[in-house]
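The structure appears right after this line, and notes come after that.
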Amino acid sequence: GLHGNLRGPIILMEPGSETEGRADRDGASDTEGKQDVPEVPVPADDTPEVLNKALSGLSSRWKNWWVRGILTLAMISFFFFIIYLGPMVLMMIVLCVQIKCFHEIITIGYSVYHSYHLPWFRTLSWYFLLCVNYFFYGETVTDYFFTLVQREEPLRILSKYHRFISFALYLTGFCMFVLSLVKKHYRLQFYMFGWTHVTLLIIVTQSHLIIHNLFEGMIWFIVPISCVICNDIMAYMFGFFFGRTPLIKLSPKKTWEGFIGGFFATILFGILLSYVMAGYRYFVCPVEFNNDSNSFTVYCEPSELFQLQYYVLPSVLQSATGWTTVRLYPFQIHSIALSSFASIMGPFGGFFASGFKRAFKIKDFANTIPGHGGIMDRFDCQYLMATFVNVYIASFIRGPNPSKVIQQLLALRLDQQLHIFNSLKAHLIEKGLLPAVEEAA
């Protein structure tokens, strides 16, 4: 019997009727929609056996605290080590991190795509990664190593037609995708095509902004990354010991106490770290390529941004501290903006990642780092920070670069160089600068 469980009329459908056809289409649509929901395997706990034995007597809460703490110290030590190795190693590490983050996100998509036994998704994803990296690294090499590129004939040809070659490579992948389309799975394939391109936009584009920040000076690379790390650690510490008030539903463990405590701790940390690093040319000088030695150099005369200056304190701070002036590096003032963004807006990168993981019912992107998840779990805030730093430098710090202007002038034809010389000479005479230079000579 039906036991009264069915509500409403029962519709009897004749075979081939319009109602049956509509029901079949709706059922197919529902089935297809359900099949699109990924079933991502939960990664197993890969905490080292040594730590498991040493912490076996602790509760899961404190065990997780110690595992995260020990692995955090190990990662910070590794970070200091690669800083010591220099900018080239840092760039290689950024590339490796980019590839691993891309792999973790694409693997989640592949867990759905592979279930249909459709070809080409993983191959095309890595092919597009190669194309995008070729484009960005080619632009970087042409921009920062212009004289080296002009010196070598093969590099000069590749540089001249770089964008056309990049587009041709992408177009090849685009055609491969179209040829791989399979009937009845069009929507899923276009879904994964969009998945790959959004991943490239988020991961690859912003990782190259990190490299551009590095070329402005290692301090623009180290301070922002360190501020994000500090905020992550201090927010966790304040939340662990004092957290009571939930911050956002996407991350139930995040608390207002951790958010506020992490903010003030990061501001103080950024000011102190900036003061220490601003005194060393190794950190503040732009990374440039020396044509004579064919190597990177980080030696320069520090700009005013990294020279100590006196600042008059506001009256409120004067009455509170008893000081009328303080001696600071101008970069320390900029570090407050960097630290504030790392503390207020940076966590939204983590919230975005939390929402992504909740959508696919996974705890972490991978289990690469015990207690921390995957590489993407550690760098979800860093990519947003890298974009902000790049925009900040372009808006408030960077001015015209004379060396790059000269490099571009030298690449012109002789008649073009002569025309620019005469125009510049007329401009200087009009401004009254050239006669003064001649008289001084």
Side-chain angles (χ1 to χ4, degrees), residues 65 68-84 90 93 210 213-214 216-243 247 251 253-280 282-284 305-306 308-309 311 313 317 320-321 323 326-351 372 377-393 396-397:
W65 190 88
R68 288 175 64 95
I70 293 172
L71 269 297
T72 298
L73 291 176
M75 287 188 290
I76 292 175
S77 301
F78 177 71
F79 182 60
F80 284 130
F81 177 69
I82 61 176
I83 290 173
Y84 170 77
L90 282 173
I93 292 296
I210 296 178
N213 299 340
L214 178 60
E216 296 295 329
M218 292 181 66
I219 195 169
W220 291 104
F221 172 86
I222 298 172
V223 169
I225 287 181
S226 300
C227 285
V228 172
I229 295 173
C230 173
N231 181 257
D232 194 27
I233 294 173
M234 298 311 297
Y236 177 78
M237 297 289 287
F238 277 95
F240 185 87
F241 291 105
F242 308 109
L247 176 62
S251 296
K253 295 183 180 181
K254 299 291 195 321
T255 62
W256 275 104
E257 290 81 3
F259 184 79
I260 296 172
F263 171 78
F264 287 105
T266 305
I267 296 292
L268 180 61
F269 171 81
I271 294 174
L272 295 177
L273 179 64
S274 300
Y275 181 81
V276 173
M277 296 186 65
Y280 295 91
Y282 179 74
F283 296 120
V284 304
L305 197 63
F306 305 106
L308 286 169
Q309 299 180 17
Y311 293 90
L313 290 175
L317 294 179
T321 61
W323 300 341
V326 291
R327 197 166 181 235
L328 299 172
Y329 292 102
F331 181 80
Q332 288 180 272
I333 300 175
H334 292 288
S335 73
I336 297 176
L338 301 179
S339 302
S340 299
F341 185 90
S343 304
I344 299 174
M345 299 305 299
F348 278 85
F351 300 152
H372 292 270
D377 291 286
R378 293 300 91 209
F379 283 83
D380 48 11
C381 302
Q382 296 287 4
Y383 289 118
L384 191 62
M385 187 70 188
T387 305
F388 172 74
V389 173
N390 191 270
V391 172
Y392 189 88
I393 293 174
F396 304 106
I397 305 298

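Owing to the predicted nature of the structure, the values given are computational and were not obtained by experimental measurement. Each residue takes its place number in the sequence, starting with 1.
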### Query
Is the OH atom of Tyr311 crowded by more than 12 outside heavy atoms at less than 6.0 Å?
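Above 12, so yes.
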### Message
Would you say OH of Tyr282 has more than 12 non-hydrogen atoms from neighbouring residues, nucleotides or ligands within 6.0 angstrom?
### Response
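Counting neighbours around OH of Tyr282, more than 12 heavy atoms of other residues, nucleotides or ligands fall under 6.0 Å, so yes.
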#### Entry: Residues His334, Ile397; criterion side chain to side chain contact (heavy atoms under 4.5 Å, CB included); working and verdict
CA-CA 10 Å; His334 292 288; Ile397 305 298; 3.5 Å; yes
### Query
Is the centre of the Phe331 ring less than 6.0 Å from the centre of the Trp220 ring?
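So the answer is yes for these two rings.
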### Message
Apply side chain to side chain contact (heavy atoms under 4.5 Å, CB included) to residues Met218 and Met277 and explain how you reach the verdict.
### Response
CA-CA 9 Å; Met218 292 181 66; Met277 296 186 65; 5.7 Å; no
### Task
For side chain to side chain contact (heavy atoms under 4.5 Å, CB included), just list the numbers for Ile225 and Phe79, CA-CA rounded to whole Å, side-chain angles, deciding distance to a tenth of an Å, and then say yes or no.
CA-CA 10 Å; Ile225 287 181; Phe79 182 60; 3.8 Å; yes
Closest non-hydrogen atom pair between [X] and [Y], with its separation:
X	Y	value
Gly350	Asp380	CA-OD2, 3.6 Å
Leu273	Ser226	CD2-CB, 3.6 Å
Gly349	Leu384	N-CD2, 4.0 Å

Taking side chain as C-beta onward, heavy atoms only, is [X] less than 4.5 Å from [Y]?
X	Y	answer
Phe283	Ile222	yes
Leu308	Leu328	no
Asn231	Pro347	yes
Ile76	Ile233	yes
Ser340	Phe263	yes
Tyr329	Ser274	no

Got a second to check how far [X]'s [atom1] is from [Y]'s [atom2], nearest 0.5 Å?
X	Y	atom1	atom2	answer
Ile93	Ile82	CD1	CD1	5.0 Å
Ser339	Leu268	OG	CG	9.5 Å
Leu338	Met385	CG	CE	5.0 Å
Tyr84	Phe81	OH	CZ	8.5 Å
Asn390	Asn213	CG	CG	5.0 Å
Met234	Phe269	CE	CZ	10.5 Å

### Task
Could you walk me through whether Leu272 and Gln332 pass the side chain to side chain contact (heavy atoms under 4.5 Å, CB included) test, one step at a time?
CA-CA 8 Å; Leu272 295 177; Gln332 288 180 272; over 6 Å; no
Mutual orientation of the aromatic rings belonging to [X] and [Y] [parallel < 30°, tilted 30-60°, perpendicular > 60°]:
X	Y	result
Phe341	Phe388	parallel
Phe242	Phe238	tilted
Phe348	Phe351	perpendicular
Phe259	Trp256	perpendicular

### Query
Looking only at atom types and distance, does a side-chain atom of Ser251 sit under 3.5 Å from a main-chain N or O of Lys254, one as donor and one as acceptor?
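Here the side-chain-to-backbone pair does not exist.
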